[in-house]
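Report on the structure given below.
All values below come from the heavy atoms of this structure, side chains included, with hydrogens, waters and symmetry mates left out. Labels below follow one simple rule: chain letters A, B, ... track the order of the sequence lines, proteins then strands, and each chain is numbered from 1.
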There are 2 protein chains.
Amino acid sequence: MNHPKTPRVSLGQRKTRQRDEISEVIRSAQGPLTVQEIYERTQQSVPGLGIATVYRTLNLLQEAEQIQTVILPTGETRYEMSGLGHHHHFHCRSCNEVYDLDDCPVTVQTGAAVGEGFVVETHELTLYGLCPECIEAA
Amino acid sequence: MNHPKTPRVSLGQRKTRQRDEISEVIRSAQGPLTVQEIYERTQQSVPGLGIATVYRTLNLLQEAEQIQTVILPTGETRYEMSGLGHHHHFHCRSCNEVYDLDDCPVTVQTGAAVGEGFVVETHELTLYGLCPECIEAA
DNA sequence: CTAAATGCAAAATCTTTGCAGCCTC
DNA sequence: GAGGCTGCAAAGATTTTGCATTTAG
């Protein structure tokens, strides 16, 4: 019996500086970030990192359910780590910063709010206003 | 004194079939429509109407505050007539149809939900689930 | 070494804009 | 008629993809 070269069936992904840094930037943020923010922040530790790599990595992390997309009612797309549980966001209209909310102020009276026959499974909420820093600065 | 030709200062916009139809399509919808939906529906009464005209008219109507943009948490941009008052939307995850809600199930406890120092001025809510037709079809 | 990951640039989307001809007013 | 409006096509903006090269394992 001969020794067939073990066919390396490596399905796993590789660990790279780029991916590590992109993950880290998202993980250490206090709220969801835009692609541009992620791109700019990763430049500091991994100069030359391409925007395509950011997009590719974001899609990967999303499929791996390590991060999730947050699309604000303004149309702005942002990314944050998943596993934060049910929560919503506060969007400061002055500095544009987005904060995570701990509480959910929504109580959905299933039929009432919509009309008979609708089944509400989930909801998305975004609050707008001014954050403490912008109020102070005003 | 001579008679200078009265300079026609017509700042107003003109009434055209295209604009009429785009307005009408939005006004007669039961919920916010996508650009494609508006485009397709107008083709029926005004064949040849270009997509650029749809975009231009949507921007016009928006500046005139006759319609407003609705961006769903999926990233889908839709348009609906304004003057509907404070309301939210129900998005059917099966047929993708969007319905207007009459009731607002959100009671924001200003400080509580966010933390001290935040001032909540407004909010956006989208409910997800199944509409009556899709439940029936299931 | 081998194949996955990267960076660059080209391609694919979606939306806006320039321009010649058309149509309101 | 004059100037706004339209349709077409080109230009932007954003995200994805192809490919040669680099790099992790």
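- At least one donor-acceptor pair under 3.5 Å links the side chain of A:His88 to the backbone N or O of A:Leu125.
- Taking 3.5 Å as the limit, the base of D:dG4 and the side chain of B:Arg56 contain no donor-acceptor pair of atoms between them.
- Residue A:Gln18 has a polar side-chain atom (N or O) positioned under 4.0 Å from OP1 or OP2 of C:dG7.
- At a threshold of 4.5 Å between non-hydrogen side-chain atoms, the residues A:Glu133 and A:Cys95 do not count as touching.
- For the pair B:Glu76 CD and C:dC14 P, the interatomic distance rounds to 11 Å; values are reported in whole Å.
- When each of B:Thr16 and B:Tyr55 is assigned the nucleotide of DNA chain C bearing its nearest heavy atom, the one mapping closer to the 5' terminus is B:Tyr55.
- In terms of phosphate contacts, B:Arg19 brings no side-chain nitrogen or oxygen within less than 4.0 Å of OP1 or OP2 of D:dG4.
- A donor and an acceptor atom, one from each side chain of A:Gln18 and A:Thr53, are nowhere located under 3.5 Å apart.
- Atom P of nucleotide D:dT17 and atom CG of A:Asn59 are separated by 8 Å, given to the nearest angstrom.
- Across C:dT6, C:dT24, C:dA5, the shortest atom-to-atom separation from the side chain of B:Arg14 is found for C:dT24.
- Listed for the B:Ser82 side chain is a donor-acceptor partner under 3.5 Å among the backbone atoms of B:Gln66.
- Salt bridge absent: A:Arg78 and A:Glu80 never bring a charged side-chain N and a carboxylate O closer than 4.0 Å.
- Rounded to whole Å, the distance from CD on A:Gln62 to P on D:dT16 is 9 Å.
- In this structure, A:Tyr39 places its OH atom 16 Å from P of D:dT16, rounding to the nearest Å.
- The nearest whole Å value for the distance from the CG atom in B:Leu60 to the P atom in D:dG4 is 13 Å.
- In this structure, B:Leu49 reaches the sugar-phosphate backbone alone: every heavy-atom distance under 4.0 Å involves primed, P, OP1 or OP2 atoms, never a base.
- Regarding A:Leu58, its CG atom lies at a distance of 15 Å from the P atom of C:dA5, rounded to whole Å.
- In this structure, B:Gln13 places its CD atom 15 Å from C1' of D:dT6, rounding to the nearest Å.
- A residue-by-residue look at B:Ile51 and A:Gly50 shows that A:Gly50 has its nearest nucleotide of DNA chain C further toward the 5' end.
- Whole-Å rounding puts the B:Asp20 CG to C:dC23 C1' distance at 14 Å.
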